[in-house]
Colleague: 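My questions all concern the structure below.
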Amino acid sequence: MVDLSVNLAGIKAPSPFWLSSGPVTNTAKQADLAFAAGWGGFVWKTIGTPIINVSSRLGGLNYGARRLVGLNNIELISDRSIEDNVREIADIKRRWPQQAVVASIMAESKKEAWQELVRQVEESGCDGLELNFSCPHGMHERGMGAAVGQVPEYTERTTDWVKSVARTPVIVKLTPNISDIRQPARAAKAGGADGVSLINTISSIIGVDLDRFEPIPSVNGRGTHGGYCGPAVKPIALNMVATLAQDEEFGLPISGIGGITTWRDVLEFMVMGATSTQVHTAVMHWGFRIIEDMIDGVTNYLEDKGFHSIQEIIGKAVPSLTDWGKLDLNYQVRSQIVEAKCIGCQVCFAACRDGGHDSIRLQTGTRVPMVDQETCVGCNLCLLACPVEGAIAMARVDQGKPYMSWEQYVSAAGAQGCRGG
Ligand SMILES: Cc1cc2nc3c(=O)[nH]c(=O)nc-3n(C[C@H](O)[C@H](O)[C@H](O)COP(=O)(O)O)c2cc1C
């Protein structure tokens, strides 16, 4: 059997499949259902001074027949009392001692407020704390959430307040609403954080009602900027996780969040440097049961590849992530249409002529186009637009020319220029 257990900055869990903070992790009943279904960790809905929520508070992005490709929300932190949350966490920890229960917390930007909340919440016996410096709406306007995470000095100072009283590991949840994720991550480290989690939601307006001229979701005729999440945000989240995994100055454990829906998503975050993963929108859409596929998929993958423990794959793809300037300019591929599989829809022709390099030609007597090998630049667009798996292949055509980076090219061109001059 493959060992799926993980240890994120001292928070031990039977698997890397955790639920992130939000409506999915609001109550003890949900924790019971989630752990019974097979989830390995549960980051409780952010606890703080209880708030009042608005109605309605969610908006969805549908794409063709696919619903909830993206989800937008204007929900705030927990509307339940600190005491109720603490009592339920304690109860859950008693009944599920092996599973990781992390308490997400958010306080007013005052030392006493944060430290008092830490003391109260740690009474629950939770395995760790996640500091919410990242909600981009509502709390942010009150100087909390992303208002802290967007200013490295505030991030460092607040983390330090918490660390000086916390008895359990402290994870800082980062906001993606910044230009360079390394700045708040390094600030969290400077404040003493044991790890980080990312991403929280992306500031957004998901759509507009064109009959009422109101942003969606509407609260009695008005809308506001919300937080965007779900499958559509995965590339942004993966990019930020990988950037931190690669940052030698940072070097703390990472919990990856953002658009994770399938076992493949989990593995992609882990090979890009995440020690655990957290899921939210996918469970809001499909329920806790999606964990069954995640466990099967990850286990089968690891067994097929000959790994004994999931920890062996953490960060495995990070060394192959590099700067553009180090990519091989001599590596060349060209598109080829596989006649036996082509259905003659000619989507590739339109895509290449109008959106690519005009290298696909129509032929008389057949609907199967052909690729002009002289002008094709090997961009992949036809392959991506083609509706049939395997009907277009990219073949290597550089005959194994030696590696040449942009940096090598520039220095060779410079040398030649000097000689020429
Ligand atoms: C309705 C809703 C409420 C959320 N509330 C919180 C919260 O209270 N605290 C928090 O840290 N993140 C909150 N999040 C953010 C999620 O934990 C997660 O970071 C984000 O949704 C990205 O993951 P996903 O793409 O899997 O949904 C919330 C997300 C949604 C959709």
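Every number for a ligand or one of its atoms is a count from 1 in the order of the listing.
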Colleague: Can you sort out which atoms of ligand 1 are near M284, meaning under 4.0 Å from one of its heavy atoms?
Modeller: 31 (C)
Colleague: Decide yes or no on side chain to side chain donor-acceptor pair (under 3.5 Å) for Q30 and T27, but give the supporting numbers first.
Modeller: CA-CA 5 Å; Q30 288 169 302; T27 62; 3.1 Å; yes
Colleague: Which protein heavy atom lies closest to atom 29 (C) of ligand 1, and at what distance to 0.1 Å?
Modeller: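 Sorting protein heavy atoms by distance from atom 29 (C) of ligand 1 puts N73 ND2, 3.8 Å first.
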Colleague: Does G259 have a non-hydrogen atom less than 4.0 Å from ligand 1?
Modeller: yes
Colleague: Only heavy atoms of L71, strictly under 4.0 Å: list the atoms of ligand 1 that pass.
Modeller: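 Near L71, meaning under 4.0 Å from one of its heavy atoms, ligand 1 has 31 (C).
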Colleague: Pull out every atom of ligand 1 sitting under 4.0 Å from any heavy atom of I257, numbered as shown with elements.
Modeller: 18 (C), 19 (O), 22 (C), 23 (O)
Colleague: Can you label the angle between the F307 ring and the Y301 ring as parallel, tilted or perpendicular, going by 30° and 60°?
Modeller: parallel
Colleague: Pick, from T261, L58, V43, T281, the option with the minimum heavy-atom distance to atom 27 (O) of ligand 1.
Modeller: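 Looking at heavy atoms only, the winner is T281.
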Colleague: When you compare the side chains of S164 and Q115, does any donor N or O come within less than 3.5 Å of an acceptor on the partner?
Modeller: yes
Colleague: I'd like to know if V283 contacts ligand 1, where contact means a heavy-atom distance under 4.0 Å to any ligand atom.
Modeller: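 For ligand 1, residue contact (heavy atoms, under 4.0 Å) with V283 is absent.
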Colleague: If the cut-off is 4.0 Å to any non-hydrogen atom of G22, which atoms of ligand 1 fall inside it?
Modeller: 4 (C), 5 (N), 6 (C)
Colleague: Examine the proximity of ligand 1 to N132 and report which part, side chain or backbone, both or neither, has a heavy atom under 4.0 Å away.
Modeller: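 Looking at N132 and ligand 1, just side chain atoms fall under 4.0 Å.
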Colleague: Between N200 and ligand 1, which part of the residue brings a heavy atom under 4.0 Å of the ligand: side chain, backbone, both or neither?
Modeller: both
Colleague: Please verify whether a non-hydrogen atom of I199 lies at under 4.0 Å from ligand 1.
Modeller: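 True for this residue.
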Colleague: Using a 4.0 Å heavy-atom cut-off, which part of E75 comes near ligand 1: side chain, backbone, both, or neither?
Modeller: side chain
Colleague: Any donor-acceptor pair under 3.5 Å linking the side-chain atoms of Q336 with those of R334?
Modeller: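 On atom types as modelled, these side chains do not qualify, holding no pair under 3.5 Å.
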Colleague: Please report whether the ring centroid of W96 lies less than 6.0 Å from that of F35.
Modeller: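 Yes, the ring of F35 comes within the 6.0 Å limit of the ring of W96, centre to centre.
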Colleague: What are the atoms of ligand 1, with element, lying closer than 4.0 Å to any heavy atom of G258?
Modeller: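 Listed by number with element, the hits are 23 (O), 25 (O).
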Colleague: Run the salt-bridge test on E108 and K110 with the 4.0 Å N-O cut-off and return the result as yes or no.
Modeller: yes
Colleague: Quick check, are the ring centers of W114 and F133 under 6.0 angstrom apart?
Modeller: yes
Colleague: Under 4.0 angstrom from ligand 1, any heavy atom of R57?
Modeller: no
Colleague: Among all protein heavy atoms, pick the one closest to atom 14 (N) of ligand 1 and tell me residue, atom and distance.
Modeller: S21 O, 3.2 Å
Colleague: Could you list the atoms of ligand 1 found under 4.0 angstrom from a heavy atom of S20?
Modeller: 16 (C), 17 (O), 18 (C)
Colleague: Taking Q311 for the side chain and S5 for the main chain, is one N or O donor matched with an acceptor at less than 3.5 Å?
Modeller: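 Yes.
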Colleague: N/O to N/O below 3.5 Å, does that happen between T201 and ligand 1?
Modeller: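 Between T201 and ligand 1, no N or O pair is found under 3.5 Å apart.
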Colleague: List ligand 1 atoms under 4.0 Å from T46, heavy atoms only on the residue side.
Modeller: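 Numbered from 1, ligand 1 contributes 7 (C), 8 (O), 9 (N), 10 (C), 11 (O).
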Colleague: Can a side-chain donor-acceptor contact be found between S359 and T375 if the only test is distance below 3.5 angstrom?
Modeller: yes
Colleague: Any luck finding a side-chain donor-acceptor pair between T46 and S78 under 3.5 Å?
Modeller: no
Colleague: Do T175 and N200 have side-chain N/O donor and acceptor atoms under 3.5 Å apart?
Modeller: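 Looking only at side-chain atoms, N200 and T175 do not form any donor-acceptor pair under 3.5 Å.
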Colleague: For K173, counting its heavy atoms only, list the atoms of ligand 1 lying under 4.0 Å from any of them.
Modeller: 10 (C), 11 (O), 12 (N), 15 (C), 16 (C), 17 (O), 18 (C), 19 (O)
Colleague: Would you say N85 and E88 are linked by a side-chain donor-acceptor pair, where the criterion is simply a distance under 3.5 Å?
Modeller: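 Side-chain D/A pair, E88 to N85: absent.
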